[in-house]
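Encoded as structure tokens, the structure appears first; notes follow it.
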Amino acid sequence: MKIGIIAYSKTGNTLYVAEKLRDKLISEGKEASVVRLRSETPDLERYEGLVFCSPVNGGAPADPMKSYLATMKSLQGKRVALMATGLFPASMGRKQTLKYMKSVCKDKGAEIVGEGSVGWWSFGREKKIEKLVEDLSSFFL
């Protein structure tokens, strides 16, 4: 299965988690790559599965991710997972960000297979990142 991890990352935190997910998927025998929205426009046709990764910006995905989601074509037949990162507790933006991305992807025909988030100021952050990566990778068995 080819999995595209489409990530926007301003500070590198979201990219850090996206790259850990890519490495985990590859270790499980899947073909996975990270496409950073800042420098590339992803060709979604080449992937069977997608993971959209965005930091929180005012309770929504960061503007580059929001713009990309609005303009992308159909996701019909695609298995999609969602990931959000943020500084604060999940109830202060990450949940809303995931809800927004889920709605847009569903409207474009995606099969949403899962979602997750991590707080950058969380106690035990590295363990939470490991758990998030494990959970997200399990959606593409």
Side-chain angles (χ1 to χ4, degrees), residues 1-90 92-141:
M1 173 178 262
K2 290 184 181 181
I3 302 164
I5 303 166
I6 314 305
Y8 174 75
S9 186
K10 185 175 181 179
T11 64
N13 293 339
T14 304
L15 184 62
Y16 173 78
V17 181
E19 288 174 341
K20 283 191 162 293
L21 175 59
R22 177 204 56 212
D23 295 346
K24 172 73 172 160
L25 290 165
I26 289 170
S27 77
E28 294 174 343
K30 296 174 184 73
E31 190 177 326
S33 59
V34 173
V35 180
R36 194 167 181 188
L37 281 182
R38 178 178 268 174
S39 59
E40 297 179 59
T41 302
D43 174 13
L44 302 183
E45 291 299 314
R46 58 187 292 228
Y47 302 111
E48 299 156 289
L50 296 162
V51 183
F52 291 104
C53 308
S54 180
V56 174
N57 184 9
D63 287 341
M65 178 60 76
K66 207 171 179 181
S67 295
Y68 179 73
L69 291 173
T71 60
M72 71 183 171
K73 296 185 178 170
S74 173
L75 294 174
Q76 197 68 42
K78 304 285 185 190
R79 295 174 53 86
V80 173
L82 308 164
M83 190 260 289
T85 62
L87 294 177
F88 302 109
M92 296 180 75
R94 287 186 277 139
K95 286 183 180 180
Q96 296 90 325
T97 295
L98 291 169
K99 183 178 179 181
Y100 178 93
M101 292 194 308
K102 185 184 220 175
S103 175
V104 172
C105 291
K106 274 184 152 183
D107 287 348
K108 303 231 180 206
E111 174 193 350
I112 306 298
V113 295
E115 61 186 58
S117 71
V118 67
W120 219 252
W121 286 348
S122 298
F123 180 73
R125 179 182 67 221
E126 283 302 317
K127 289 220 178 274
K128 290 178 181 177
I129 290 171
E130 287 176 28
K131 172 83 168 95
L132 174 60
V133 165
E134 189 70 34
D135 290 348
L136 290 174
S137 69
S138 75
F139 301 138
F140 297 99
L141 295 176

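Note that these values count all heavy atoms, side chains included, but never hydrogens, waters or copies made by symmetry. The structure presented is a predicted model; accordingly, all values stated were derived computationally and were not measured.
- Residues forming a side chain to side chain donor-acceptor pair (under 3.5 Å) with Ser9 (at least two apart in sequence, or on another chain): none.
- Listed by chain and residue number, Lys2 satisfy the side chain to side chain contact (heavy atoms under 4.5 Å, CB included) test with Glu31 (two or more places apart in sequence, or in another chain).
- Within a 6.0 Å sphere centred on NZ of Lys30, other residues, nucleotides and ligands contribute more than 12 heavy atoms.
- Annotation: the span from Glu126 atom CD to Glu130 atom CD amounts to 7.0 Å, rounded to 0.5 Å.
- Phe52 contributes atom CZ, which lies 12.5 Å from atom CE of Met83 (distance to the nearest 0.5 angstrom).
- Residue pairs meeting the side-chain hydrogen bond (donor to acceptor under 3.5 Å, both in side chains) criterion with at least one member in residues 67-78, sequence neighbours excluded, do not occur.
- Counting all heavy atoms, side chain and backbone alike, Tyr47 lies closest to Ile3 at CD2-C, 3.5 Å.
- Contact annotation: the side chain of Leu37 approaches that of Pro42 to within less than 4.5 Å [non-hydrogen atoms, C-beta and beyond].
- Between the Arg94 side chain and the Phe88 main chain, a donor and an acceptor come within less than 3.5 Å of each other.
- Atom CD of Glu45 has 12 or fewer heavy atoms from other residues, nucleotides or ligands within 6.0 Å.
- Qualifying side chain to side chain contact (heavy atoms under 4.5 Å, CB included) partners for Val104, counting only residues two or more places apart in sequence or in other chains: Leu69, Tyr100, Lys108.
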- Message: Using side chain to side chain contact (heavy atoms under 4.5 Å, CB included), reason through Ile129 and Tyr16 one step at a time and then give a plain yes or no.
- Response: CA-CA 10 Å; Ile129 290 171; Tyr16 173 78; 3.9 Å; yes

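- More than 12 non-hydrogen atoms from other residues, nucleotides or ligands lie less than 6.0 angstrom from NZ of Lys128.
- Contact annotation: the side chain of Val51 approaches that of Phe140 to within less than 4.5 Å [non-hydrogen atoms, C-beta and beyond].
- Of all non-hydrogen atoms in Asn57 and Ala62, the two that sit nearest each other are CB-CA, 3.7 Å.
- More than 12 heavy atoms of other residues, nucleotides or ligands sit less than 6.0 Å from atom CE of Met1.
- Nearest heavy-atom pair across Ser137 and Leu21 is N-CD1, 3.8 Å.
- Taking SG of Cys53 as the reference point, atom CG of Leu132 lies at 8.5 Å (rounded to 0.5 Å).
- Within the 4.5 Å cutoff, side-chain heavy atoms of Leu44 are placed close to those of Ile6.
- When all heavy atoms of Val80 and Cys105 are compared, the pair lying nearest together is CG1-SG, 4.2 Å.
- Partners of Glu111 according to the salt bridge (Lys or Arg N to Asp or Glu O under 4.0 Å) rule, which considers only residues two or more places apart in sequence or in another chain, are Arg79.
- Scanning both residues, Arg22 and Ala32, for their nearest heavy atoms gives CG-O, 3.7 Å.
- The salt bridge (Lys or Arg N to Asp or Glu O under 4.0 Å) check on Lys131 picks up Asp135, with sequence neighbours excluded.
- The one candidate from Val56, Asn13, Thr14, Thr11 that meets the side-chain contact (heavy atoms from CB on, under 4.5 Å) condition with Trp120 is Asn13.
- Two residues are said to be in side-chain contact when any heavy atoms from C-beta on lie closer than 4.5 Å; Glu115 and Met101 fail this criterion.
- A 4.5 Å side-chain heavy-atom check between Ile5 and Leu25 finds at least one atom pair inside the cut-off.
- Residue Val17 comes nearest to Val118 through the heavy atom pair CG2-CG1, 4.4 Å, listed as atom of the first residue, atom of the second, then distance.
- Between atom OG1 of residue Thr85 and atom NZ of residue Lys10 there is a gap of 12.5 Å, rounded to the nearest 0.5 Å.
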